[in-house]
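What follows is a short report on a single structure.
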Amino acid sequence: VTQLSSPAAMRWLVTGSAGLLGTDLAGRLRSAGHDVLALRRADLDIRDARSVRAVIGRHRPDVVVNCAAWTDVDGAEDHEADALSINGAAVAAMAAACARQGCALVQVSTDAVFDGTAAEPYPEDASPAPVNAYGRSKLAGERAVLREHPGGGYVVRTAWLYGASGRSFAATMLRSAAGPGSVSVVADEVGQPTWAADAAEQIVRLVRAAAPPGIYHATNAGRASRLELAREIFALAGADPGRVLPVAAAAYPRAARRPAQVVLGQARWAAIGVEPMRHWRAALRRALPVLAAGTAGTGP
Ligand SMILES: NC(=O)c1ccc[n+]([C@@H]2O[C@H](COP(=O)([O-])OP(=O)(O)OC[C@H]3O[C@@H](n4cnc5c(N)ncnc54)[C@H](OP(=O)(O)O)[C@@H]3O)[C@@H](O)[C@H]2O)c1
C-alpha cells in the first residue's frame, strides 16, 4: 500500500488544472498552503505517457489527482476512440507511473458509469453499466486505476458539477434567471448537483484520511431533477421559479443517451471516518455568489 507522508508536508500534482474541478482543487490546495504543481493541458497532455512519467519522477508527488478528461458527453458518441485515449489509455499509463513511483493516484470519475435504472442509491461497489460512449470511456479509466495501482489507486466519482470557472447547467440557469422570459428544463432526469469546491474538499479529506484505496462517491447529498435544480437557482437569485417550465427528456433528443436517475450512495465515508458531503441545497446557497461572480459579464 502506498505510504503517504504527513498531511502538512504532502506534495500534490493536479492535472487538468484549468478545468472546472481542477481550478477549484488547485486553488483549495494552494490556499491551504500545500505544495502543489498544477498542470493545465498546455503544460501536460496526459496522453503523452513519457512526459507524465517524467513529471512524476521529477516532482515526486505524494499524490496525483487527475482532473484532466474528455468531458464532452455528446461529442464522445462520434469520437469514442479519442475519448477512450484520454479517459482510458492515458489514465492506465498514469496509474502505472504512479504505482512505479510509489505515489497515490486519485482518478476523478462520474455517475455516468451507471445506467440510471435503479431507484435506490448506487453503492460504491454496484456494477457499472454505462449507457453512452463517455460513460464507457470513464469506466475504462476506473478499471485501469484499480488494475494498475491496487495499492494506491482511488476512484472518486462525482456528478453534475458547477463552480466558479467553466460551463455548467447551473451557471446557464443563473444567467437565464437574470434574463427575461421562460426556460424549458428537463423534468425526468435526476441526479446530484455538486459544488466543485465541495468535491475538491472531499478529495483532500479522503487523501488526508489515508483511507484504503478503491472507489468513493463525492457528490452533495440528496437528489434533484434538472427542473428542481433550475427552480432552486431561480428562487435563490430572486427570480420567479414559475418561469422554469418542465419538459420531458424525450423532447430534447441529444447525441448521447443520459441515464434517467443516478444517485450515488455514500456509505464508504462513514467507514473511513470522513464526514459525507452536505446537502446540495445547502451547497448551492453557499455557492451562488461565487457562481454569480463567475458568470458576470459573459452574456446569455
Ligand atoms: N462536470 C461535471 O458535471 C462532471 C460530472 C461527473 C464527473 N466529472 C468528472 O470530473 C473531472 C473534471 O471534469 P470537469 O468538469 O472539471 O471538466 P472540464 O472543465 O472539461 O475540465 C477537464 C480539463 O481537462 C483538460 N484536458 C482534456 N484533455 C486533456 C489531455 N489530453 N491532457 C491534459 N488535459 C486535458 C481540459 O482542457 P481543454 O479544455 O483545454 O480541453 C480541461 O481543462 C473529469 O474526470 C470528469 O469526467 C465531471
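This chain uses plain numbering: 1 for the first residue, then up along the sequence. Whatever order the structure lists ligands and atoms in, that order sets their numbers, starting from 1.
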Arg30 side chain near Trp12 side chain, heavy-atom distance below 4.5 Å
no

Answer yes or no: does an N/O atom from Ala159 fall short of 3.5 Å to an N/O atom of ligand 1?
no

Between Arg28, Arg205, Arg278, which is the residue that forms a salt bridge (charged side-chain N to carboxylate O under 4.0 Å, His left out) with Asp198?
Arg278

Part of Leu20 within contact of ligand 1 (heavy atoms, under 4.0 Å)
both

To the closest 0.5 Å, what do you measure between CD (Glu275) and CD (Glu201)?
11.5 Å

Would you mind listing which atoms of ligand 1 come within a distance below 4.0 Å of any non-hydrogen atom of Ile86?
28 (N), 31 (N)

Axial cation check for Trp160 ring with Arg226, 6.0 Å and 45° limits
yes

Is Ser109 close enough to touch ligand 1? Criterion: a residue heavy atom under 4.0 Å from a ligand atom.
yes

Using a 4.0 Å heavy-atom cut-off, which part of Trp70 comes near ligand 1: side chain, backbone, both, or neither?
neither

Under 4.0 Å from a heavy atom of Trp160: give me the atoms of ligand 1 that qualify, with their elements.
3 (O), 5 (C)

Among all protein heavy atoms, pick out the one at the shortest distance from atom 45 (O) of ligand 1; state its residue, atom name and that distance to 0.1 Å.
Lys138 NZ, 2.6 Å

Heavy-atom distances under 4.0 Å are what count here, so tell me which part of Ala69 touches ligand 1: side chain, backbone, both or neither.
both

Which residue owns the protein heavy atom closest to atom 32 (N) of ligand 1, what's the atom, and how far is it?
Ile46 N, 2.9 Å

Which option wins on minimum heavy-atom distance to atom 22 (C) of ligand 1: Gly16, Cys67, Gly22?
Cys67

How long is the span from the CG atom in Asp125 to the CZ atom in Arg268, to the nearest 0.5 Å?
8.5 Å

Testing the 3.5 Å rule here: is there a donor-acceptor pair between the side chains of Thr219 and Gln266?
yes

Salt-bridge contact Arg243-Asp240 (side-chain N to carboxylate O under 4.0 Å)
no

Atom 42 (C) of ligand 1 - nearest protein heavy atom and its distance
Gly19 CA, 4.1 Å

Which heavy atom of the protein is the closest neighbour of atom 1 (N) of ligand 1, given with residue, atom name and distance?
Leu161 CB, 3.7 Å

Where's the contact between Val108 and ligand 1, heavy-atom distance under 4.0 Å: side chain, backbone, both or neither?
both

Please answer: with hydrophobic residues joined when any side-chain heavy atoms are less than 4.5 Å apart, are Val64 and Val207 in the same cluster?
no

The closest protein heavy-atom partner of atom 33 (C) of ligand 1 is Leu44 O, 3.2 Å

Return yes when at least one protein heavy atom is under 4.0 Å from atom 15 (O) of ligand 1, and no when none is.
yes

Of Thr158, Val91, Asp82, the one whose closest heavy atom lies nearest atom 6 (C) of ligand 1 is Thr158

Between CG of Leu29 and CG of Asp35, what distance do you get to the nearest 0.5 Å?
10.0 Å

Give yes if a backbone or side-chain nitrogen or oxygen of Ala68 is under 3.5 Å from a nitrogen or oxygen of ligand 1, and no if not.
no

For atom 17 (O) of ligand 1, what is the nearest protein heavy atom, given as residue, atom name and distance?
Thr71 CG2, 3.4 Å

Side-chain donor-acceptor pair present, Asn220, Gln192, cut-off under 3.5 Å
no

Enter the distance from Leu264:CG to Asp111:CG here, rounded to the nearest 0.5 Å.
5.5 Å

What I want to know is whether Tyr134 and ligand 1 share at least one N or O pair that is separated by under 3.5 angstrom.
yes

Nearest to atom 30 (C) of ligand 1, what protein heavy atom do you find, and at what distance?
Asp45 OD1, 3.6 Å

Heavy-atom pairs closer than 4.0 Å: do any link ligand 1 to the side chain of Ser17, the backbone, both, or neither?
neither

Rounded to the nearest 0.5 Å, how far does CG of Leu291 lie from OH of Tyr162?
7.0 Å

Please round to the nearest 0.5 Å and tell me the distance separating atom NE2 of His59 and atom CZ of Arg11.
4.5 Å

Using a strict threshold of under 4.0 Å (side-chain N to carboxylate O), is an ion pair present between Arg258 and Asp74?
yes

Flag Thr110 as yes when one of its N or O atoms lies below 3.5 Å from any N or O atom of ligand 1, and as no otherwise.
no

Hey, looking at atom 29 (C) of ligand 1, which of Arg157, Arg41, Arg167, Arg47 has the closest heavy atom?
Arg41

